[in-house]
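Only one structure is covered here, and it is reproduced in the block below.
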Amino acid sequence: MFIIPTEALFPFLYAGFAVLVLGSIYLIVEAVRVHRLFAESIVGKLVKTLVIVVVIELYSLGVVTYAFLNFFERGIYILLPIIGLWILCVIYSAYAVRSARTDVGSLIHK
C-alpha cells in the first residue's frame, strides 16, 4: 500500500488555510455590503446570520484541526477532505451572498 508522507501534505494544508482566510475576508466584505443595503429587511438579517455562523464554524473547526494535528500527525489524511469541504462552504456562502445582493439589487432598480 502506497502511503504519502505527511510532510508532503502539509503545503496543501497551509494552502487550504490561506484560501479559507482570503475567502472569509471576501465573504465578510460582501456580507457587509448586503447588510448595508438591506439592514432592516429579512434579507439583511439572514445574510448577517449566515456569515456569522459560517465564519464561527470554519474557524472553530480550524482550531480543532490544528490541535488534532499537533497530537496525531497522521490525522492529516482525515483532515484534508474536511478542509476541502471548508473551501467548498466558503465558495458556496460567498456565491449565495453575492447572488442575494444581485437579486435584491435588481428588484430595487426596477
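All values below were derived from every heavy atom in this structure, side-chain atoms included, with hydrogens, water molecules and symmetry-related copies excluded.
- Note that CG of Leu88 and OH of Tyr95 are 14.5 Å apart. Values are rounded to the nearest 0.5 Å.
- Cluster membership for Ile28 and Ile25, using ILVMFWY side-chain heavy atoms within less than 4.5 angstrom, is shared.
- If you chain together hydrophobic residues whose side chains sit under 4.5 Å apart, Val55 and Val32 fall into the same group.
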